[in-house]
Amino acid sequence: MRLIDTVAWVCVEEGRILGTRSRGRTLFYIPGGKREAGESDLETLVREVREEVGVELLVETVEPAGVYEAEADGHGADAVVRMACYTARHRGVPRAGGEIEEVAWLGYADRDRTAPVDRVVFDDLRNAGLLS
């Protein structure tokens, strides 16, 4: 089994979660990504969110939101993604940047349009009454 270790920013507003779709992909992903050599979760989170959606996370507000594992989309049957999720307040308006083609606010009805690991997050958010 190959493990793909990532971090993600769970940004929920008015019952919807921020999602991104990369160029050439069909599924949406919660903003975030893989560490570069030597990066901490916080450093990776801040960098990836800035690159993908162009906002600055207020680092003093970053809080853990859970760790999720599921089949890794597009990486073969032997790959699993582990996604450490964080919440944080931010400065700026999310917009597509870098490799991102589309930014959208997703509700629970959009669950099947997301990567497998994100679906687990969607379920938790729905069960907590945060996702409509």
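Here the structure is a predicted model, which means the values were calculated and not measured.
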Note to self: I'd like to know whether Leu131 forms a side-chain contact (heavy atoms from CB on, under 4.5 Å) with Phe122, so could you lay out the CA-CA distance, the side-chain angles of the two residues, the decisive distance to 0.1 Å, and finally the verdict.
What the structure shows: CA-CA 7 Å; Leu131 197 60; Phe122 271 54; 3.6 Å; yes
Which heavy atom of [X] sits nearest to which heavy atom of [Y], and what is that distance?
X: Glu13; Y: His90; answer: OE2-CE1, 3.4 Å
X: Val53; Y: Pro31; answer: CG1-CG, 4.4 Å
X: Arg35; Y: Glu39; answer: CD-O, 3.3 Å
X: Glu14; Y: Ser132; answer: O-OG, 4.4 Å
X: Ile4; Y: Ala79; answer: CD1-CB, 4.3 Å
X: Leu106; Y: Gly19; answer: CD1-CA, 4.0 Å

Tell me whether [X] shares a hydrophobic cluster with [Y], the cluster being built from Ile, Leu, Val, Met, Phe, Trp, Tyr side chains joined at under 4.5 Å.
X: Val117; Y: Val121; value: yes
X: Leu57; Y: Met83; value: no
X: Leu58; Y: Val46; value: no

Check whether any side-chain heavy atom of [X] sits under 4.5 Å from a side-chain heavy atom of [Y], and report yes or no.
X: Val10; Y: Leu125; value: yes
X: Val93; Y: Val55; value: no
X: Trp9; Y: Cys85; value: no
X: Thr87; Y: Val62; value: no
X: Glu101; Y: Arg25; value: no

side-chain contact (heavy atoms from CB on, under 4.5 Å) evaluation trace for Leu18 with Ile30 = CA-CA 7 Å; Leu18 184 65; Ile30 297 170; over 6 Å; no
Apply the test side-chain contact (heavy atoms from CB on, under 4.5 Å) to residues Arg82 and Val67: give CA-CA distance (whole Å), side-chain angles for both, the deciding distance (0.1 Å), then the verdict. CA-CA 7 Å; Arg82 175 182 297 143; Val67 178; 3.6 Å; yes
Has the side chain of [X] got a donor or acceptor atom that lies under 3.5 Å from a matching backbone atom of [Y]?
X: Glu43; Y: Ser40; value: yes
X: Glu69; Y: Val80; value: no
X: Thr20; Y: Tyr29; value: yes
X: Ser22; Y: Ile100; value: no

(message) Would you say Tyr68 and Asp124 are linked by a side-chain donor-acceptor pair, where the criterion is simply a distance under 3.5 Å?
(response) yes
* Between Tyr86 and Asp41, do the side chains contain an N or O donor and an N or O acceptor separated by less than 3.5 Å? -> yes
Original post:
Under 6.0 Å from the CZ atom of Arg23, do we count more than 12 heavy atoms belonging to anything else shown?
Top reply: yes
Starting at CZ of Arg113, measure out to CZ of Arg119 and round the result to the nearest 0.5 Å.
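It comes to 11.5 Å.
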N-O pairing of [X] and [Y] below 4.0 Å:
X: Glu102; Y: Arg21; result: yes
X: Lys34; Y: Glu48; result: no
X: Arg111; Y: Asp118; result: no

Subject >> Six-ring centre of Tyr108, Arg126 cation under 6.0 angstrom, axis tolerance 45° >> reply: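 Checked: cation-pi criterion met.
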Note to self: Pair Glu36, Thr44 - check side-chain contact (heavy atoms from CB on, under 4.5 Å), show working.
What the structure shows: CA-CA 7 Å; Glu36 291 182 356; Thr44 304; over 6 Å; no
